[in-house]
Amino acid sequence: MNKNELRKYIREQKRHFTQQQLGEMSFRIMTDLMSHPRVQEADTILMYHSLPDEVDTHSTLDQLLAMGKKVLLPKVISDTEMTIHEYTGPDSLVPSEPYGILEPDTPELSIVNCQLSIPLVVVPGMAFDSKMHRLGRGKGYYDRFLSRVPNIYKIGVCFPFQFVDEVPSEPTDILMDDII
């Protein structure tokens with residue numbers, strides 16, 4: 001299966017689950033994430049604000065804030081680039097144009113500063129495999145960003161049906177350090 005075929009396959013698999021079932025799976029995944037030693041140790045975590053078809057991170061973002069952690073979120077600014085912003089709570093999110101995706105409305109953080117201060121990133125994906133390969137949505141945002149911060153610990157999160165035998169990979173694809 002090539003990358004586009006695998007993305008199509010995963011989208012078809014998602015249709016077999018109700019939002020409630022996805023929510024229950026998300027709860028278990030986020031519970032495992034919150035007990036991960038790297039999450040417990042990190043003072044700053046780069047997360048993502050989940051889309052409806054991704055592992056739900058919404059309540060986890062606020063849990064991390066309540067634990068006193070600095071939470072960062074990406075913001076898509078072009079077809080090829082994302083920037084990093086601090087998440088200070090649900091009020092710091094605004095709908096982006098043109099899709100209405102909630103993104104942070106806080107000042108951009110410098111990548112140089114981020115490289116020095118972000119020990120952990122939690123990464124969404126369409127599919128993952130046991131060799132730590134990740135398949136994204138196809139734009140390469142995370143691969144480009146992660147290639148600029150090579151020392152950051154990367155935890156991919158996915159629903160069980162998104163963990164597959166093999167994800168097609170290329171030299172520019174960044175491997176995860178762990179997958180939940």
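Given the structure is predicted, the values throughout are model-derived calculations rather than measurements.
Inter-residue side-chain proximity for Val71 and Ile45 is flagged as unmet; no heavy-atom pair is nearer than 4.5 Å. Using a 4.5 Å heavy-atom threshold, the side chains of Glu81 and Phe145 count as separate. Counting only heavy atoms from C-beta outward, the side chains of Ile180 and Met30 never approach each other to under 4.5 Å. At a threshold of 4.5 Å between non-hydrogen side-chain atoms, the residues His85 and Leu109 do not count as touching. Between Val55 and Ser50 there is no side-chain heavy-atom pair separated by less than 4.5 Å.
In terms of hydrophobic clustering, with Ile, Leu, Val, Met, Phe, Trp and Tyr side chains grouped at heavy-atom distances under 4.5 Å, Leu65 and Leu33 are assigned to a common cluster. Using a 4.5 Å cut-off between side-chain heavy atoms of Ile, Leu, Val, Met, Phe, Trp and Tyr, with links allowed through other members, Leu175 and Val149 fall into the same hydrophobic cluster. No path of Ile, Leu, Val, Met, Phe, Trp and Tyr side chains, each step under 4.5 Å between heavy atoms, connects Ile77 with Leu46, placing them in separate hydrophobic clusters.
Of the residues listed (Arg28, Gln21, Gln20), the one engaging Glu24 in a side chain to side chain donor-acceptor pair (under 3.5 Å) is Gln20, and it is the only one. Tested against Leu93, the residues Asp105, Leu73, Ile101, Thr106 include a single side chain to side chain contact (heavy atoms under 4.5 Å, CB included) partner, Leu73.
Distance alone, capped at 3.5 Å, places no donor-acceptor pair between the Lys70 side chain and the Glu86 backbone. No side-chain donor-acceptor contact under 3.5 Å links Lys3 to the backbone of Gly136. Put simply, the side chain of Asp56 never gets that close to the backbone of Gly23: no donor and acceptor are under 3.5 Å apart. Without hydrogens or angle criteria, Arg7 side chain to Asn2 main chain gives no donor-acceptor distance under 3.5 Å. The main-chain N or O of Tyr153 is never found under 3.5 Å from a side-chain atom of Arg38 such that the two would form a donor-acceptor pair. Put simply, the side chain of Asp129 gets close to the backbone of Met132: a donor and an acceptor are under 3.5 Å apart. Checking side-chain atoms of Glu103 against main-chain N and O of Val94 turns up no donor-acceptor pair under 3.5 Å. For Arg134 (side chain) and Met126 (main-chain N/O), no donor-acceptor pair under 3.5 Å exists by modelled atom type. Lys14 contributes a side-chain N or O that, together with a main-chain N or O of Asp53, makes up a donor-acceptor pair within less than 3.5 Å.
A donor and an acceptor atom, one from each side chain of Asp173 and His133, are nowhere located under 3.5 Å apart. Under 3.5 Å, the side chains of Thr57 and His49 contain no donor-acceptor pair of N or O atoms.
Atoms CG and NZ, from Leu61 and Lys69 in turn, are 13.5 Å apart once rounded to the nearest 0.5 Å. Atoms CD1 and CG, from Ile152 and Asp177 in turn, are 9.5 Å apart once rounded to the nearest 0.5 Å.
Around atom OH of Tyr9, no more than 12 heavy atoms belonging to other residues, nucleotides or ligands sit under 6.0 Å away.
Closest approach of Pro104 to Pro74, counting heavy atoms only: CD-O, 3.7 Å. Shortest non-hydrogen contact noted between Tyr141 and Val76 is OH-CG1, 3.4 Å. In plain terms, the two heavy atoms of Ala127 and Val164 that are nearest each other are CB-CG2, 4.2 Å.
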Check against side-chain contact (heavy atoms from CB on, under 4.5 Å), Val122 and Tyr48
CA-CA 7 Å; Val122 177; Tyr48 66 97; 4.2 Å; yes
Criterion side-chain contact (heavy atoms from CB on, under 4.5 Å) on Val123 and Met176, from CA distance to verdict
CA-CA 8 Å; Val123 186; Met176 299 293 100; 4.0 Å; yes
Let me see the working for Ser147 and Ile174 under side-chain contact (heavy atoms from CB on, under 4.5 Å), right down to the final yes or no.
CA-CA 7 Å; Ser147 70; Ile174 303 294; 4.1 Å; yes
Are Lys75 and Glu108 close enough, and set up right, to give a salt bridge (charged side-chain N to carboxylate O under 4.0 Å, His left out), and what steps lead you there?
CA-CA 9 Å; Lys75 180 177 184 176; Glu108 177 185 351; over 6 Å; no
Checking side-chain contact (heavy atoms from CB on, under 4.5 Å) for the pair Ile155/His36: CA distance, chi angles, key distance, verdict?
CA-CA 10 Å; Ile155 299 177; His36 194 287; 3.9 Å; yes
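For an aromatic pair to be called close, the ring centres must be under 6.0 Å apart, and Phe159 with Phe17 fails this.
Checked for salt-bridge contact, Arg137 and Glu54 meet the test: a charged N lies under 4.0 Å from a carboxylate O. Salt-bridge check for Asp165 with Lys131: failed, with every basic side-chain N at 4.0 Å or more from each acidic carboxylate O.
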